[in-house]
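Structure first, then comments.
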Amino acid sequence: MFRNRISDMEKIYLDYAATTPVDPRVLRFMRPYFADKFGNPGSVHGAGQEAIAAVDLARERVADSLGAEFRQIIFTSSATEANNLVLRGAVKKFRKEFPDRRPKLVVSAIEHESVLETARDLEREGVELAVLPVDKKGIVKIGKLQELLDERTALVSVMYANNEIGTIEPVQEIGKIIADFRKSVRDVKDAQNGKSQRAERSTERSGSTPSTPYPLFHTDAVQAFQYLDCRPEALGADALTISSHKVYGPKGAAALYVKNVGTFKRSNERSDSTLQPIITGGGQEFGLRSGTENVPAIAGFGLAAEIAGKDRAAEAARVSGLRNKFWRELKKMNNQIRLNGVDIIAEPGLRLANNLNIWLPGRPAEETLARLDLAGIRVSAGSACASRAQRASETLKALGYPEKRIKESFRISLGRPTGTRELHQALKIIRKYIAAK
Ligand code: PLP
């Protein structure tokens, strides 16, 4: 499948958390949809039918990989757009439902920029923003969540796994806290309305939905999807984001799982969806995301999601084995070297299988990145977007690390094509770099 052998002249890519190459099977599958099968899925004729069939198949594949229903998958152009849709769409809907309440958002301190910056933008528009802090390992302080929830909370967004330090967040527990909170609001309302205890119990038995869908719970599972079971129902999530280009699919496609998609015809009509669209127009994607579908990218994403779902457990075991061995070798080279975030030996279940975020004291990350790149190894500092903008990592700041440590930290992320030979070569190069001080 992927090339695994390298020659001295070849580059060693160890930045799979930034993006992944397209799987050749995916590329082959996408190809006809660029030119031969180029129809618009909205067209009624045969060419349109061909295109909509490809989008439908992709939706089915993504839905299956999440244990979700066909209608619960909304395709977008990127995870950034999906995160915008869920945050902005939930606030918009909340405002419509409760015009006299100031909406509140709760997000963790280490969310990807697409959540954090969107939340800050909404704050400038009058939304109250509450940030859930993390501990020194980067795990959200779950005990604090309860006190941030109230009847104005439209949405809580906590990522499943962090893109910089790979921390796996306790999303299942968060889902449970939110579900309990919703139930407590319903119970108080029922008591206020004088509902008898018996009626209340029968409502519970019949499994009817609580009177409030708020707060909605969203999790950004972009980094988690390749390595962890991301079924939203098991996590208790009302919305969940995944991205094609992080799982060996093409760029330009992502998906938002929405538990209650409802029906939405036109932007000014009432809908029973938990979100309002932020892109209006022709009403594609069940009215939640207008715009002609990116058929080749969506088709490729569908297959990539299916493959990721199938080889998840084996790949997680393989990659974490390689990663742990690599880390042990790195530590032998320099006894000052440290891991940022969770300790992979003591708590292997709390860090994503492919991630290392390394502090190399005395060596600025800029220098490490440039030198390693020249020597043929591609790694990164923080998230891809933040490192271009030369901003210090907000994630590492949230963990409480001093400025110097943040500036001397970089990320190595392994992927499907990574093999022993390549890592052996990488270790040789890094050893030389460390020795050349
Ligand atoms: N969320 C997380 C956790 C990510 O790692 C990324 C990409 O780095 C995104 C969202 C944004 O994804 P996209 O590039 O599809 O917009």
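All residue numbers in this chain count up from 1 along the given sequence. One-based numbering, in listed order, for ligands and for the atoms of each.
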Please walk me through it: do E408 and K404 pass salt bridge (Lys or Arg N to Asp or Glu O under 4.0 Å)? CA-CA 6 Å; E408 294 171 346; K404 183 174 179 299; 3.0 Å; yes
Tell me whether ligand 1 is touched by A254 - counting only heavy atoms on the residue side and a distance under 4.0 Å. no
Are K251 and ligand 1 in contact, using a heavy-atom cut-off of under 4.0 Å?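 False for this residue.
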Are any non-hydrogen side-chain atoms of N84 and I278 less than 4.5 angstrom apart?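 The answer is yes; the side chains approach within 4.5 Å.
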Quick check on contacts: which atoms of ligand 1 are under 4.0 angstrom from a heavy atom of S78? 15 (O), 16 (O)
For N163, the ligand 1 atoms with a heavy-atom partner under 4.0 Å come out as 3 (C), 5 (O)
Look only at the side chain of R59 and the backbone of Q72, and say whether a donor-acceptor pair between them is shorter than 3.5 Å.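 Here the side-chain-to-backbone pair does not exist.
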Please, which pairs that meet side chain to side chain donor-acceptor pair (under 3.5 Å) have at least one residue in residues 134-144, sequence neighbours excluded? K137-E347
Under 3.5 Å, N or O to N or O, is [X] touching ligand 1 that way?
X    : result
T80  : yes
A17  : no
S114 : no

Salt bridge E81-R289, side-chain N to carboxylate O under 4.0 Å: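 Yes, charged N to carboxylate O under 4.0 Å.
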Fit a plane to each ring of Y33 and F29, take the angle between them on a 0 to 90° scale, and name the class: parallel (under 30°), tilted (30 to 60°) or perpendicular (over 60°).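 Tilted, since the angle between the ring planes falls between 30° and 60°.
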For ligand 1, which part of K246 has a heavy atom less than 4.0 Å away: the side chain, the backbone, both, or neither?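 Looking at K246 and ligand 1, just side chain atoms fall under 4.0 Å.
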Given H245, E164, M159, which has its nearest heavy atom closest to atom 14 (O) of ligand 1?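 The residue whose heavy atom sits nearest atom 14 (O) of ligand 1 is H245.
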Taking side chain to side chain contact (heavy atoms under 4.5 Å, CB included) as the test, write out the residues that go with Q146, two or more places apart.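 Here the qualifying residues are I177.
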